[in-house]
Colleague: 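Sharing a structure below in structure tokens format, with a few things to ask.
Here the structure is a predicted model, which is why all the values come from computation and not from measurement.
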Amino acid sequence: MADSDRDRSVLARNSLGVAGVVFLVLAAVAPLTGIVVIAALGVALGNGAGMVGAFVMVTVALLLFAVGYARMSKEVVSAGGFYAYTVKGLGRPAGVAAGYVALLGYNFFVAGAVGTSGFFMQTIIASLTGWDVHWFVWSLVSVVAAFLLSRQGIDFSAKVLGVSLILEVSILLVFDFAVLFTSGFSFDVFSPSVVFSGAVGVALLFAANTFVGFEATGLFSEEARNPLKTIPRATYTAIIFIGVFAAFTTWAIVSATGTEQAQSAAADHLATGDLVFSLSQHYLGPVLTDIMMVLLLISLFAALMALHNSATRYLFSLGRAQILPKRLSQTRANGVPEFASIVQFVFATLVAGAFAVAGLDPIASLVPSMTGFGTLAILALQLLAALAIVVFFRRRKDPRILSTLVAPGLGLVGLVVIVVLAIINFPILAGSDAPIIALLPALLPLAVVGGLVAAAALRKRNPVAYEGLSADIERAEANDEPVAEPEAAGVLS
């Protein structure tokens, strides 16, 4: 390969520290959006005030998973994320299948984010200014802005998303402490009779939904400084922050409504989705509530940009491995995936545009179907990665039983429960009981079959590239030194 070609397929090395990676993944999680939308849904449809306990339980499960994830991140430094981990643990065919699941999940999620951003921009801007423009116009504005900003480099993206994250977290903390100092927090939320009341399974599902995005830390390992330390630290930081912040803010919300009335109060605001804003009017007043609404727009834009960054890195990695067209691995001089970025946003915009042309309400059709399935696919991807991590270290007979078997094994069990809950309750997760929506989970086995077929085709078409899939997934360097080569290649060859 010529030097010029190689330079066009390399991400920006040593661009991100722990804070940068954390900003990138937490922006995808979108804390303000998670509280305003997802946590409120969990309170209304799940276990009411027990939603606080649901966040605590999911946090513990994901921290157990993160123990194995942190170990694995020291074995594989790759923009392929969980796809790369699955190749290492379960073999090349399973890894390619995981890559296809990741592509579906993240690309559907971005399509949903395009619709979400456009809808709330139309609604909030019309409410504040009287200027009512069709939601898809605002979606196009969001896509163009996110595309242009993401082209400036991953370090620039981290700074932009970091500012957004600080703003949205700050306004919620102001609300939290306003409730704490005005009404106080109720400790009834931790009572087993409250935590395990109502539809606790649905509550756990929505709590897990709030964490979707944390797994992207590994996607930025090739762009991180000293990734063998940066990625594990960023992963723990992201999970702990999401868990503590979501639990604390939800505690404030249910304390403000009253623990016994929390579920009915949230249900009353379900159609309008303004539970948090209505409470903010009382505790913060109209000015700060308007600011919170504007920050919701910023949060949604940041989530769009961050999810796009994650999706493009899967496209980049699979293109570089020649599973997808190699052109997807082209990068700009600053290391930003160029063609993958264009393809990703074109796909998301076309999907959102199809719903707009059909005259469908984005918040009732586009957003729930795309983000609902995207959530299910990413949860399934996390499950595959958890299994791959346990298998990988067991095949190596790693003596660190606690951190390579017990903790990640318990995390695996937790993820199995969450994925099963997601499949059983998919109409609730997707916000629709329409028959066509209920069929979306069937795309997962189709993606797995597609991945297995693609792996077989690559093996026949380019045996060298196929064999290279297990060689540290397009071998990357950490701190200018080669990553240690693991001894095991996987279950299947």
Colleague: Measure from the side-chain N and O atoms of S139 to the backbone N and O of V114, and report whether any donor-acceptor pair falls under 3.5 Å.
Modeller: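 A pair under 3.5 Å: yes.
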
Colleague: Using side-chain heavy atoms (C-beta onward) and a distance below 4.5 Å, is F214 in contact with Q382?
Modeller: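 Contact flag for F214/Q382 side chains = yes.
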
Colleague: What's the spacing between Q152 CD and R332 CZ if we round to 0.5 Å?
Modeller: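 With rounding to 0.5 Å, CD (Q152) is 6.5 Å from CZ (R332).
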
Colleague: Just by distance, do the side chain of S127 and the backbone of T123 share a donor-acceptor pair under 3.5 Å?
Modeller: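 Not at all, since once roles are kept as given, no pair shorter than 3.5 Å links the two residues.
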
Colleague: Taking all atoms of both residues into account, what is the closest heavy-atom pair of G374 and F109, and its distance?
Modeller: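 Looking at all heavy atoms of both residues, the shortest contact is C-CD1, 3.7 Å.
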
Colleague: A side-chain contact here means heavy atoms from C-beta on lying under 4.5 Å apart; do L26 and F245 qualify?
Modeller: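 Not in contact.
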
Colleague: Got Y236 and V67 here, is their nearest side-chain heavy-atom distance under 4.5 Å?
Modeller: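 Yes - at least one pair of side-chain heavy atoms lies under 4.5 Å apart.
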
Colleague: Sub-3.5 Å donor-acceptor pair from the side chain of S317 to the main-chain atoms of Y314, do we have one?
Modeller: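 Answer holds: no.
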
Colleague: Return the orientation label for the W131 and W138 ring planes: parallel under 30°, perpendicular over 60°, tilted otherwise.
Modeller: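 Because their plane-to-plane angle is over 60°, the rings of W131 and W138 count as perpendicular.
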
Colleague: Spell out, as yes or no, whether a donor-acceptor pair under 3.5 Å connects the side chain of S117 to the backbone of A113.
Modeller: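 Checked: no pair found.
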
Colleague: State, yes or no, whether a side-chain contact exists between V336 and T331 at a heavy-atom distance under 4.5 Å.
Modeller: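 They are not in side-chain contact.
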
Colleague: In sequence, state the C-alpha distance, the side-chain angles, and the governing distance for L458 and V96, and then conclude on side-chain contact (heavy atoms from CB on, under 4.5 Å).
Modeller: CA-CA 10 Å; L458 180 65; V96 177; 5.8 Å; no

Colleague: Under the side-chain hydrogen bond (donor to acceptor under 3.5 Å, both in side chains) criterion, do R71 and T404 qualify, and how do the steps go?
Modeller: CA-CA 7 Å; R71 290 290 186 193; T404 63; over 6 Å; no

Colleague: Should L288 and F175 count as side-chain neighbours, where that means a heavy-atom distance under 4.5 Å?
Modeller: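 When only atoms from C-beta onward are counted, F175 and L288 do not touch, as no gap falls below 4.5 Å.
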
Colleague: Does the pair L328 and F339 meet the rule for a side-chain contact (heavy atoms from CB on, under 4.5 Å), with working shown?
Modeller: CA-CA 5 Å; L328 289 168; F339 192 61; 3.8 Å; yes

Colleague: Report the C-alpha distance between T250 and I35 in whole Å, list the side-chain angles of each, state the deciding distance to 0.1 Å, and finish with yes or no for side-chain contact (heavy atoms from CB on, under 4.5 Å).
Modeller: CA-CA 7 Å; T250 304; I35 294 299; 4.1 Å; yes

Colleague: If the plane angle is over 60° it's perpendicular, under 30° parallel, otherwise tilted; pick one for F211 and F55.
Modeller: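 The rings of F211 and F55 sit tilted, inter-plane angle from 30° to 60°.
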
Colleague: Which pair of non-hydrogen atoms, one from A422 and one from L379, has the smallest distance, and what is that distance?
Modeller: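 In terms of heavy atoms, the two residues are closest at CB-CD1, 4.2 Å.
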
Colleague: Side-chain contact, heavy-atom cut-off 4.5 Å: L376 with P441?
Modeller: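 Answer yes - side chains close enough.
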
Colleague: At what distance, to the nearest 0.5 angstrom, does CZ of F426 lie from CG of L205?
Modeller: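 If we round to the nearest 0.5 Å, F426:CZ and L205:CG are 10.0 Å apart.
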
Colleague: ring-ring contact (aromatic ring centres under 6.0 Å, His included) for Y85 and F392? Distances and angles first, verdict last.
Modeller: CA-CA 9 Å; Y85 291 8; F392 175 81; 9.2 Å; no

Colleague: Counting C-beta onward and ignoring hydrogens, is there a side-chain heavy-atom pair between L172 and E168 closer than 4.5 Å?
Modeller: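 They are not in side-chain contact.
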
Colleague: Answer yes or no: is there an ion pair linking D398 with R396, defined by an N-O contact shorter than 4.0 Å?
Modeller: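 Looking at R396 together with D398, the answer is no, because their closest N to O distance does not fall below 4.0 Å.
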
Colleague: Quick check against the 3.5 Å criterion: does S280 have a side-chain atom that pairs as donor or acceptor with the backbone of V276?
Modeller: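 Not at all, since once roles are kept as given, no pair shorter than 3.5 Å links the two residues.
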
Colleague: Donor-acceptor pair, distance only, cut-off 3.5 Å: does the side chain of R92 make one with the backbone of A455?
Modeller: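 The answer is no, because no donor-acceptor pair under 3.5 Å joins these two groups.
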
Colleague: How far apart are the closest heavy atoms of L300 and T33, and which atoms are they?
Modeller: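 Closest heavy-atom pair between L300 and T33: CD2-OG1, 3.4 Å.
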
Colleague: How long is the span from the CD1 atom in I418 to the CG atom in L62, to the nearest 0.5 Å?
Modeller: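 I418 CD1 to L62 CG: 5.5 Å, rounded to 0.5 Å.
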
Colleague: On a heavy-atom basis, which atom in L412 and which in A386 lie closest, and how many Å separate them?
Modeller: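 In this case the closest contact between L412 and A386 is CD1-CB, 3.8 Å.
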
Colleague: Spell out, as yes or no, whether a donor-acceptor pair under 3.5 Å connects the side chain of S170 to the backbone of I166.
Modeller: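 Checking the backbone N and O of I166 against the side chain of S170, a donor-acceptor pair under 3.5 Å is found.
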
Colleague: Please assess R400 against F393 for the test side-chain contact (heavy atoms from CB on, under 4.5 Å), listing each intermediate value before the final yes or no.
Modeller: CA-CA 9 Å; R400 299 166 296 186; F393 285 109; 4.0 Å; yes

Colleague: Could you grab the distance from atom CZ of R313 to atom NE2 of H308, nearest 0.5 Å is fine?
Modeller: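 One gets 8.0 Å once the value is rounded to the nearest 0.5 Å.
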
Colleague: What heavy-atom pair brings Q122 and V133 nearest, and what distance separates the two atoms?
Modeller: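 Closest approach of Q122 to V133: CG-O, 3.0 Å.
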
Colleague: Between S369 and L366 (side chain of the first, backbone of the second, donor and acceptor by atom type, cut-off under 3.5 Å), is there such a pair?
Modeller: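 It does hold such a pair.
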
Colleague: Heavy atoms only: give me the nearest L381-A102 pair and the separation to one decimal.
Modeller: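 Taking every non-hydrogen atom into account, CD2-CB, 3.6 Å.
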
Colleague: Quick check: do T312 and F345 have side-chain heavy atoms less than 4.5 Å from each other?
Modeller: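 Side-chain contact under 4.5 Å: no.
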
Colleague: To the closest 0.5 Å, what do you measure between NZ (K326) and CG (N462)?
Modeller: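 Answer for the NZ-CG pair, K326 versus N462, is 9.5 Å.
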
Colleague: May I ask you to decide if L295's main-chain N or O and S299's side chain share a donor-acceptor pair within less than 3.5 Å?
Modeller: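 Such a contact is absent between S299 side chain and L295 backbone.
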
Colleague: Report the residue from T349, N309, N107 that forms a side chain to side chain donor-acceptor pair (under 3.5 Å) with Q344.
Modeller: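 One option only clears the test, and that one is N107.
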
Colleague: Give, for atom OG of S329 and atom CG of L318, the distance between the pair rounded to the nearest 0.5 Å.
Modeller: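 Those atoms lie 11.0 Å apart.
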
